[in-house]
Amino acid sequence: MCYNSFINKKLLKEECDKMEINKLLDELYSYSLHGIKLGLENIQKICDSLGNPEKNYKIIHITGTNGKGSTATIIETALLKNGFTVGKYTSPHIIKFNERIRANGKDISDEDIVEIYQVVREKIKELKITPTFFEVTTAMMFLYFAKQKVDYVVLEVGMGGRFDATNIVNSDIAIITNVSIDHTEYLGKTIYEIGREKAGIIKDSSYVIVGDSNEEFLKAIEEKTKEYTDVLKKYKDVEYNLDFKKFVTNIKINNIEFNLSLFGDYQVKNFLCAYEALKRLGLSDEIIQKSVKEVVWQCRFEIYKKEPLTILEGAHNIDGMKNLCQIIKEGYSKEKTVFIVSILKDKKVEDMLKICQEVSSNIILTSLKENSRGLSGNEIYEFSNKSEIYSIENNMVEAYEKAKKMDKEIIVVCGSFYTCEKFKKEVL
């Protein structure tokens with residue numbers, strides 16, 4: 001169905017002229033009041049009414065507890081370098097909603113958000129349904145990428161897989177980066193149960209890639225398909241090292257070196273998942289070598305400043321915090337490290353703080369109280385062992401000033417992507 005058939009351009013221009021993007025986004029965010037509702041009925045109805053834009057391009061579908069965004073961005077960067085047109089869908093955003101929907105390396109414009117949202121909103125009214133924020137955003141994404149006529153869409157799952165709104169697609173490649181315990185109220189309480197939910201993205205058409213060798217996880221995968229590639233087995237001889245001067249991850253496969261701009265031990269598995277997908281799509285090692293030097297992904301060991309060295313890292317769950325602290329342990333002493341931390345209340349706060357304590361003797365607890373899931377620094381402190389290494393500064397700017405005055409080697413802002421978002425918005 002023709003995209004332009006949905007739009008009366010004159011009326012749309014009048015609507016756009018009246019409507020500021022911030023007001024529109026407020027309306028879009030209001031769908032969050034409907035909470036999280038896993039299921040495909042609403043998104044399927046919306047996309048059917050739009051002419052099924054999700055069928056207009058090839059799909060690389062990615063799920064996993066951690067590493068989805070990094071894997072997606074490596075793939076996106078390499079496909080663009082190879083000359084393809086590419087859409088990428090990720091969540092959450094850090095600063096602007098536009099970050100979620102990217103075509104050909106650029107965030108969706110405010111003008112396109114307004115245009116696409118008007119179309120989707122009218123369909124929702126006609127269907128008389130009550131979708132969630134993520135369902136509306138996902139429908140907008142599918143439609144926008146059809147309009148942009150992309151070759152590939154690199155599609156990150158929001159939560160789980162089987163009932164995630166992105167899962168109405170038939171993917172060409174399905175990647176499951178890993179599984180650990182997270183979102184247990186929605187996905188299950190064991191690795192096997194969560195693995196089954198994530199394996200739900202596997203379709204008959206999918207070439208399946210996994211980056212985790214946990215037996216319970218693989219049991220869940222094999223209930224869905226016996227045909228999959230475990231990159232940890234296929235590339236078991238991979239070599240790597242972390243360059244703490246250039247902050248790159250040097251990875252060697254079959255004597256071919258890749259200098260990945262994303263820093264960290266955990267990025268090796270993400271790279272291997274992306275590498276296997278890119279080789280499946282026919283990309284050369286030379287193109288992949290060139291592209292991985294240029295990958296940019298916010299708040300994944302992101303160097304915000306070099307003087308003083310300030311690192312932003314989402315690290316929003318147990319595995320994420322372990323991965324971060326493994327890097328810190330390799331490069332810095334406890335006494336020379338400052339953490340600025342805030343963690344959401346539905347996470348394992350006590351356990352995450354214990355992990356921080358292993359690598360830092362200076363932990364400043366700050367607030368995300370403006371978030372409905374957030375805690376103040378004082379509330380987070382109650383989850384700690386109340387050691388003298390902890391201090392509280394609920395104001396983010398003051399927390400950073402306090403950290404700088406400690407005159408240590410590295411300042412790490414972590415615990416949630418919302419912590420990083422707040423830091424970026426408030427600290428100049």
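When a residue number appears, it is its place in the shown sequence, counting from 1. Given the structure is predicted, the values throughout are model-derived calculations rather than measurements.
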Visitor: Between R121 and E27, is there a side-chain N and carboxylate O pair less than 4.0 Å apart?
Guide: yes
Visitor: Indicate whether any N or O donor in one side chain lies under 3.5 Å from an N or O acceptor in the other, for N56 and E54.
Guide: no
Visitor: For the residue pair Y228 / E222, report whether a side-chain donor-acceptor contact shorter than 3.5 Å exists.
Guide: yes
Visitor: Between D164 and T166, does any side-chain donor sit less than 3.5 Å from a side-chain acceptor?
Guide: yes
Visitor: Look up atom NE2 in H316 and atom CG in L324, then write down how far apart they are to the nearest 0.5 Å.
Guide: 12.5 Å
Visitor: Check the angle between the aromatic planes of F263 and F301 and answer parallel, tilted or perpendicular using the 30° and 60° thresholds.
Guide: tilted
Visitor: Is it the case that the side chain of N394 and the backbone of G377 share a donor-acceptor pair, with hydrogens and angles ignored and the cut-off at 3.5 Å?
Guide: yes
Visitor: Looking at the rings of Y89 and F142, which for Trp means the six-membered one, are their centres under 6.0 Å apart?
Guide: no
Visitor: State whether a side-chain donor-acceptor pair under 3.5 Å links N167 with K203.
Guide: yes
Visitor: Is a salt bridge present between K425 and E421, judged by a nitrogen-to-oxygen distance below 4.0 Å?
Guide: yes
Visitor: Using a distance-only test with no angle check, is there a side-chain donor-acceptor pair under 3.5 angstrom linking Y400 and T310?
Guide: yes
Visitor: Supply the atom-to-atom distance E41 CD to I43 CD1, rounded to the nearest 0.5 angstrom.
Guide: 12.0 Å
Visitor: Looking at K269 and D212, does any basic side-chain N land under 4.0 Å from a carboxylate oxygen?
Guide: no
Visitor: Any carboxylate oxygen within less than 4.0 angstrom of a Lys/Arg side-chain nitrogen, looking at K424 and E302?
Guide: yes
Visitor: Going by side-chain hydrogen bond (donor to acceptor under 3.5 Å, both in side chains), N66 matches just one of N317, N270, T71. Which one?
Guide: N317
Visitor: Would you kindly say whether E99 and Q298 are connected by a side-chain donor-acceptor distance under 3.5 Å?
Guide: yes
Visitor: Side-chain contact, heavy-atom cut-off 4.5 Å: I113 with M140?
Guide: yes
Visitor: Do you see a donor-acceptor pair shorter than 3.5 Å between the side chains of Q289 and D285?
Guide: no
Visitor: After noting the C-alpha distance and the side-chain angles of E358 and K322, does the key distance pass the salt bridge (charged side-chain N to carboxylate O under 4.0 Å, His left out) rule?
Guide: CA-CA 10 Å; E358 294 174 8; K322 284 180 178 177; over 6 Å; no
Visitor: Specify the closest pair of heavy atoms between I201 and G161, including all atoms of both residues, with the distance to one decimal.
Guide: CG2-CA, 3.7 Å
Visitor: Measuring from atom CG of L80 to atom OG of S291, what distance do you get when rounded to the nearest 0.5 angstrom?
Guide: 9.5 Å
Visitor: Answer yes if the side chains of Y192 and E223 hold a donor-acceptor pair under 3.5 Å, and no otherwise.
Guide: yes
Visitor: Just by distance, no angles: are the side chains of E276 and Y207 close enough, under 3.5 Å, to form a donor-acceptor pair?
Guide: yes
Visitor: Using a strict threshold of under 4.0 Å (side-chain N to carboxylate O), is an ion pair present between K369 and E379?
Guide: yes
Visitor: Quick one: does K149's side chain get under 4.5 Å of Y57's, heavy atoms only?
Guide: no
Visitor: Does G211 offer a backbone N or O that forms a donor-acceptor pair with the side chain of N178 under 3.5 Å?
Guide: no
Visitor: Is a donor on one side and an acceptor on the other found under 3.5 Å between the side chain of T63 and the backbone of G160?
Guide: yes
